[in-house]
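A short worksheet on the structure shown next.
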Amino acid sequence: MRINNNIKSLVFTLLCSPVLAHAMTVDELAAQFEAYKQQQANVLGKIVQENTQLKQQNQALKTKIATTLTAVEINTNAVETIADNMQASVGGWFERTSLGAYGELHYTNRSKEAGDHQEESDFHRFVIFLGHEFTDKLRLYSELELEHSIAGDGKNGEIELEQAYLEYDISPQLSAKAGLFIMPVGIMNETHEPATFYGVERNEVEKRIIPATWWEAGIGTAYKFDNGVSAEVAVTTGLNLNDDYDIRKGRGKVSKQTANDPIIAARVKYTGIPGLEVAASILHQTDMGQSSDNVDIGAGTLYEGHTIYSHSIGIGTFTGKALYSHWDIDANNSAAESQYGWYLEPSYKVPTDWGDVGIYARFQQLDYFSGSVKNYDIWETGASWWLHENVVLKANYVYKQDTLQDNHDENGFDLGVGYHF
Amino acid sequence: MQQTFGNNIPTAQVLWISKALKPTVEKILQHQMGFLRVRYWQQDTTSVWILEEIGKTKPITIGVVVQAEKIADIKVLAFRESRGWEIKHEFFTNQFKGLYLTPDLHLNTPIDGISGATLSVRAMTKISQLALLFAQQLSISK
């Protein structure tokens, strides 16, 4: 394009400039034209040369890009192969071992009607879970707990082995377990990580009547039907009540525990509708005193039933819990023969930009025996704030009414922080 | 896979989690991401994702079919926990069908959980959110 323009310009000059045409001879003009042609040929040569060089560079770049793409593909494949191998690798024991934990710190502030006032801070529970998968079908679960921070002679706390059992999958529906495990009864007995329940302290009904957390040594089997029904049966060591007929104190915790009279436990649970759980348990022990001559007591049966229902309403989720539990004991004390408790707990949880926030109310009624008859109505309300799905801050107010004795009511508030992973 | 694509199962592809996408993935997971890329199968607007998330202590493997940025199907492929097995069944998974991701990364309808299986339910919910997020990335890259 540039050459054409120059030629046009020259011809125009030659034809249209009478001054130049008059001043130059034809030979001079021819020479000048030849010189000009040579000059243009040189320019053209340079352009062709540059074009060739550019083509070569372009080809080199194309080759380089292709090489780079091949290298990227090789690297990608290598990374994927390494990642796949890492995922598939099951060589080391640690790759089949899992670790978990939970903990809860409480502050309790109580005023009694009689005038006593108590303020207490307690790192109530510090728990480590350890699990190991020996094979795809055989696994170990264990839970070690430190209660009240310090254990030892004269200290408030204790170290407890709460779970240590082996579980084997006979089929996808049927499993069997053996070892030290939590009894299949109640809501909180098996699920009690702090972020999973409302209230700083666990509810009194399950604590006193069931008595949660309750574990024994034994064997068990569970079957899960496809329609959401599951059934569980276990034979385990049993409670050992003394003459105060206190069920909670009867837990042996599998520590050189007398094992004359076992418990047969059965539970049926239905979770076939999302948000709904309905469960019933029966546990029977032939002698609640482990055949001891020191206490006049016979067989005992625990009946427990509960329902949980959760459903989204508005921006949040409503959950209602109801539980009833009743020990029927053949005791030489009519007041200790029937020990029971029930509670109702509605709650509402909403998601916020700063984590979920939930409020709840709980009413509990207890009638149990511990040296004498105890009967309480407990009113409770409070809130939980989940900073993370596994980290919770809690606050609640409690009013505990002693329905048998005047001037023994108490009220106060609790603050707590809990976590699990 | 055959249920979704019939006999013409597309070749598996890989979505690498970019630096820009990582914070969003971790916001859904509420913990650090343990993977660099995810494998998927895609045909037209349908994609299948196979993802894993820890329930209580063990990973649960879940397959999610996303169609036009909505969940068409979700299935537990491997369940290793001792509790929370109910999430395997259709009476639970049916409520995920048709759900989509809101701009704030939640499912458009809350999932009704299972008492005692909170952690398994949470794992499945997170995986469904991730599958929807990843399927969105395919649309964006087009």
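Keep in mind that the numbers below use all heavy atoms, side chains included, and drop hydrogens, waters and symmetry copies.
- The closest side-chain donor-acceptor pair between A:His420 and A:Glu104, if any, does not fall under 3.5 angstrom.
- Heavy atoms of A:Ser310 lying under 4.5 Å from chain B belong exclusively to its backbone.
- Only the backbone of A:Asn227 comes within contact range of chain B, with at least one heavy atom under 4.5 Å from a heavy atom of that chain.
- Side chain to side chain, A:His192 and A:Glu190 fail the donor-acceptor criterion of an N or O pair below 3.5 Å.
- Only the backbone of A:Phe225 comes within contact range of chain B, with at least one heavy atom under 4.5 Å from a heavy atom of that chain.
- Only the side chain of A:Tyr141 comes within less than 4.5 Å of a heavy atom of chain B; its backbone N, CA, C and O stay farther away.
- Side-chain atoms of A:Ser142 and A:Gln163 form no donor-acceptor pair, as typed in the model, at a separation below 3.5 Å.
- Contact annotation for A:Glu193: only side-chain heavy atoms (C-beta onward) come within less than 4.5 Å of a heavy atom of chain B.
- The backbone N or O of A:Asn390 lies less than 3.5 Å from a partner atom in the side chain of A:His388, making a donor-acceptor pair.
- A donor-acceptor pair shorter than 3.5 Å can be found between the side chains of B:Thr46 and B:Gln67.
- With chain B as partner, the option from A:His311, A:Lys224, A:Lys321, A:Lys269 having the largest number of non-hydrogen pairs under 4.5 angstrom is A:Lys224.
- In terms of non-hydrogen atom pairs under 4.5 Å with chain B, the most contact-rich of A:Thr191, A:Asp169, A:Ile187 is A:Thr191.
- With hydrogens and angles ignored, the 3.5 Å screen pairs no side-chain donor or acceptor of A:Asp356 with any backbone N or O of A:Glu389.
- Screening A:Glu167, A:Arg96, A:Lys177 against A:Arg139 for a side chain to side chain contact (heavy atoms under 4.5 Å, CB included) leaves a single residue, A:Glu167.
- Residue contact with chain A, scored on non-hydrogen atoms closer than 4.5 Å, involves the side chain of B:Glu86 exclusively.
- The closest side-chain donor-acceptor pair between B:Ser139 and B:Glu69 falls under 3.5 angstrom.
- With a threshold of 4.5 angstrom between heavy atoms, A:Val229 approaches chain B through N, CA, C or O but not through any side-chain atom.
- For chain B, the nearby part of A:Phe129 is the side chain; its heavy atoms alone come within less than 4.5 Å.
- For B:Ile87, no part lies under 4.5 angstrom from a heavy atom of chain A.
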